[in-house]
Number of protein chains: 2
Amino acid sequence: MTIDGEGAEAPRDFETLRASIVERRAALPKRLAQVAIYALDNPDDVAFGTAASVAQSASVQPSTLVRFAQSFGFQGFSDLQDVFRSRLRDRVLTYGERLSRMRQHGLTASRSSLVLDGFLEAAEQSIAGFRKSMDPQALDRAVDLLAGADTIYLIGLRRSFPITSYMSYAMGKLGVRNILIDAVAGMGAEQAGFISARDAAVAVSFTPYASETVALAGSARSRGARIVAVTDSVFSPIASPADALIEVSEANFEGFRSMATTMAVAMTLSVAVAARRGEN
Amino acid sequence: MTIDGEGAEAPRDFETLRASIVERRAALPKRLAQVAIYALDNPDDVAFGTAASVAQSASVQPSTLVRFAQSFGFQGFSDLQDVFRSRLRDRVLTYGERLSRMRQHGLTASRSSLVLDGFLEAAEQSIAGFRKSMDPQALDRAVDLLAGADTIYLIGLRRSFPITSYMSYAMGKLGVRNILIDAVAGMGAEQAGFISARDAAVAVSFTPYASETVALAGSARSRGARIVAVTDSVFSPIASPADALIEVSEANFEGFRSMATTMAVAMTLSVAVAARRGEN
DNA sequence: TTTCTGCTGGAACATTTATTCCATTCCTGC
DNA sequence: GCAGGAATGGAATAAATGTTCCAGCAGAAA
C-alpha cells in the first residue's frame, strides 16, 4: 500500500498549515505547487469560494484542488477550506486543535496549560475585538449619567456577579456611594426597593440573561432611575430600557466566556465616574 | 405583481443591514426576530455556515431563514449571506484604515475612553507577561491536588472576591463540589469550620493581603487541607503554607490592578479540575 | 527509443444545498 | 367565540457542489 502525501494528520489551524505548505512547496508537482502559491496569496478567496471558483482562479481543475488537499492530509477540499475559514473567523482554537498543533511542533504540554492558553487567548481576542467595536460615545454617556447620580445600584447576578462585586469594591475605595444587589436570602427586590429617580443603576447581564437581573433593571427603570446596561447584544432584554448601552462581546473557550473586557469596562466605569465627580 | 416584504432594495453593506435589522426587529414576527438576534450576535457563523447549519444554531427552519432574507429585500439566504461575507472581507482589507482611525480617535478621545484604553492595555500586558513567566508544573500540581479533593473551599475576600465568586459559579456549573467563603455576617471562620484533611482550598490574595484571607488559609492548612495559593509574590503570606503556588503579577493602571490574568487562571482551574475528574 | 511511474484533465456521480410550496398552527380583530 | 389572515414547520424539488474515477499524457530511468 502507498502512504498518501503525508501520513501525518492534517493541520487544524492556519499558521501550521501555512508553514507546512511553504515547507513542502518545492517538492510538489507542478499543478499542486500552482495551487499552493494561489492559496497562500489569496487565502480569502479560498475561504469563501467554491471548489469550482477557486479552481478557475488558480487555473487548475477542481480535482487538482482535492488532490492538493489530500496530499496535506485533509479528506477533501472542504476539509482544507475549513482551516482557511477559521483564519478569518479568528476564533479561539479549540482544545483538540491546540493539542494537534502542539504535536506538530513537537512540543508536549500538560493539558492544564493548554486550557490556560485557551483562556489567555480568548482574553486577548476579546480585548482586541472590543478595541475595534466599542462606542466611545456610549461610554461617555454612561459615565456622565453615573457621575450625576446620587447612589449607584449595581445589578448583576450569577456569571455577572464577579463584575458587580468588583465595581462595588472599587467604587467603595473611590468614595462613590453604591449598593451592590447580591440577592442574598432572596432579598434582591427589597435591596432595590429604595432606588429613586435621583439614582442610577448599572445592569450587567449576558446570555442567557438571568431573569432576576432583567426584572430588577426594569423595576429600577420604572422608578425613574437611569440605567447603564453592560451586555452582549443590542437585543438583550436589558438593552432597550437602558439610557446608555455598552456592548461587550467576549470570546469564549470551550464554552466559557472570557471576562477580561467586561472587567476592564467595570474598572473604567468606576474610575471614570470618580474622576468626573472630582472635577466638579 | 406584489411587492415583496420591503419594497426597498436590499442593503449591500453590512452596517446598513445591521441598522435596518435593529430598526425593524420589534415589528418582526417571532421566528424572524429570533433570526435577527442570532444573525447580529453571530455574524461570523452566518457568513460561513450553510442554511441548514445556521438554521439549526438559531433554532429555526431553513425556510425561515429564506423568509427572513426576503423580508429584507434579498432574493434568498445566499444573497443575504454575501453581505455577511463582505463584512469579513472588508475587515481584513481595511486593517490599515483602522490604524489611522485609531490615531484620530486618540486626539479627540474623551477622558473615559482614555481610561478604558489604559485598562485594556494593562490587561494585555498582564496576559503577555504571564505567558512568559508562568510555571506549568505548578499549575498541574494545583489541578491534581484540587481534582483529588473532596470539597474545594474558595477563599478570597475584598478585591479577590470576584475571582472566587466566579470560580464558585463555574465549578457549580461543572458539578465540582465547592464552598465559597464569602464571610457574610462575619461568619468566615464558621464557614470554613468544617474543612477537613480530605478537602482542599484555593486561596486568592494580593497586596495588601487581606488578613482574614491569610487567617482562613492558615486555619485550613492546620486542619490538614491542601492549599492552592493564587497570589502576586513568593513572599506573600499565603505562599509559604501552600502546596501549589500560582504566581500572577498583574499590570496596573492608575493603581488598579488588572484582573484579566487572574480570571483566566480561575477559569482554568475550574475547567481543568472538572476535566481531570472526568477522565477517571 | 522504450517502458514505467505518477501527474493531470475532464466527465460522471452521489451528496448536499437552497429554495419553494402547502397544510397546519397561531394570532389578531371583531 | 369565531373568522380571517399571517406565520410557521416540514417535505418535496431542482440546482449546485465536492468528490471519484479513468483514460491519456509527460517525464524519468534503462
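Note that these values count all heavy atoms, side chains included, but never hydrogens, waters or copies made by symmetry. Chain A is the first sequence line, chain B the second, and so forth, proteins listed ahead of strands; every chain is numbered from 1.
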Okay, side chain of [X], backbone of [Y]: is any donor-acceptor separation there less than 3.5 Å?
{"X": "A:Asp199", "Y": "A:Ser196", "answer": "yes"}
{"X": "A:Thr164", "Y": "A:Gly156", "answer": "yes"}
{"X": "A:Gln81", "Y": "A:Val46", "answer": "yes"}
{"X": "A:Ser236", "Y": "A:Asp232", "answer": "no"}

> Side chain of A:Pro62: nearest nucleotide among C:dT20, D:dT19, D:dT20?
Replying inline: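 Shortest atom-to-atom distance from the side chain points to D:dT19.
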>> Closest approach to the side chain of B:Val66, judged atom by atom: which nucleotide of C:dT19, C:dT17, D:dG18 is it?
In response: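 My answer, after comparing the listed nucleotides, is C:dT19.
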Starting at [atom1] of [X] and ending at [atom2] of [N], how long is that distance when rounded to a whole Å?
{"X": "B:Asp79", "N": "C:dT19", "atom1": "CG", "atom2": "P", "result": "8 Å"}
{"X": "B:Gln70", "N": "C:dT19", "atom1": "CD", "atom2": "C1'", "result": "8 Å"}
{"X": "B:Leu65", "N": "D:dA7", "atom1": "CG", "atom2": "P", "result": "17 Å"}
{"X": "A:Phe68", "N": "D:dG18", "atom1": "CZ", "atom2": "P", "result": "16 Å"}
{"X": "A:Gln81", "N": "D:dG18", "atom1": "CD", "atom2": "C1'", "result": "10 Å"}
{"X": "A:Gln56", "N": "D:dG18", "atom1": "CD", "atom2": "C1'", "result": "16 Å"}
{"X": "B:Arg67", "N": "C:dC22", "atom1": "CZ", "atom2": "C1'", "result": "11 Å"}
{"X": "B:Phe77", "N": "D:dA14", "atom1": "CZ", "atom2": "P", "result": "23 Å"}

> Does a side-chain N or O from B:Ser78 land closer than 4.0 Å to OP1 or OP2 of C:dT19, or not?
Replying inline: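 Yes, B:Ser78 has a side-chain N/O under 4.0 Å of OP1/OP2 on C:dT19.
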> Under 4.0 Å between a side-chain N/O of B:Gln61 and OP1 or OP2 of D:dG10, yes or no?
Replying inline: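 For D:dG10, OP1 or OP2 has a side-chain N or O of B:Gln61 closer than 4.0 Å.
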> Has the side chain of A:Ser63 got a donor or acceptor atom sitting under 3.5 Å from an opposite partner on the base of C:dG10?
Replying inline: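 By the distance-only test, yes, there is a pair.
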>> Both A:Lys30 and B:Ala51 contact DNA chain C. Which one's nearest nucleotide lies toward the 5' end?
In response: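 The residue whose closest nucleotide sits nearer the 5' end is A:Lys30.
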> Take atom CZ in A:Arg12; do more than 12 heavy atoms of anything else shown fall under 6.0 Å from it?
Replying inline: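 Yes, because the 6.0 Å sphere around CZ of A:Arg12 holds more than 12 heavy atoms from other groups.
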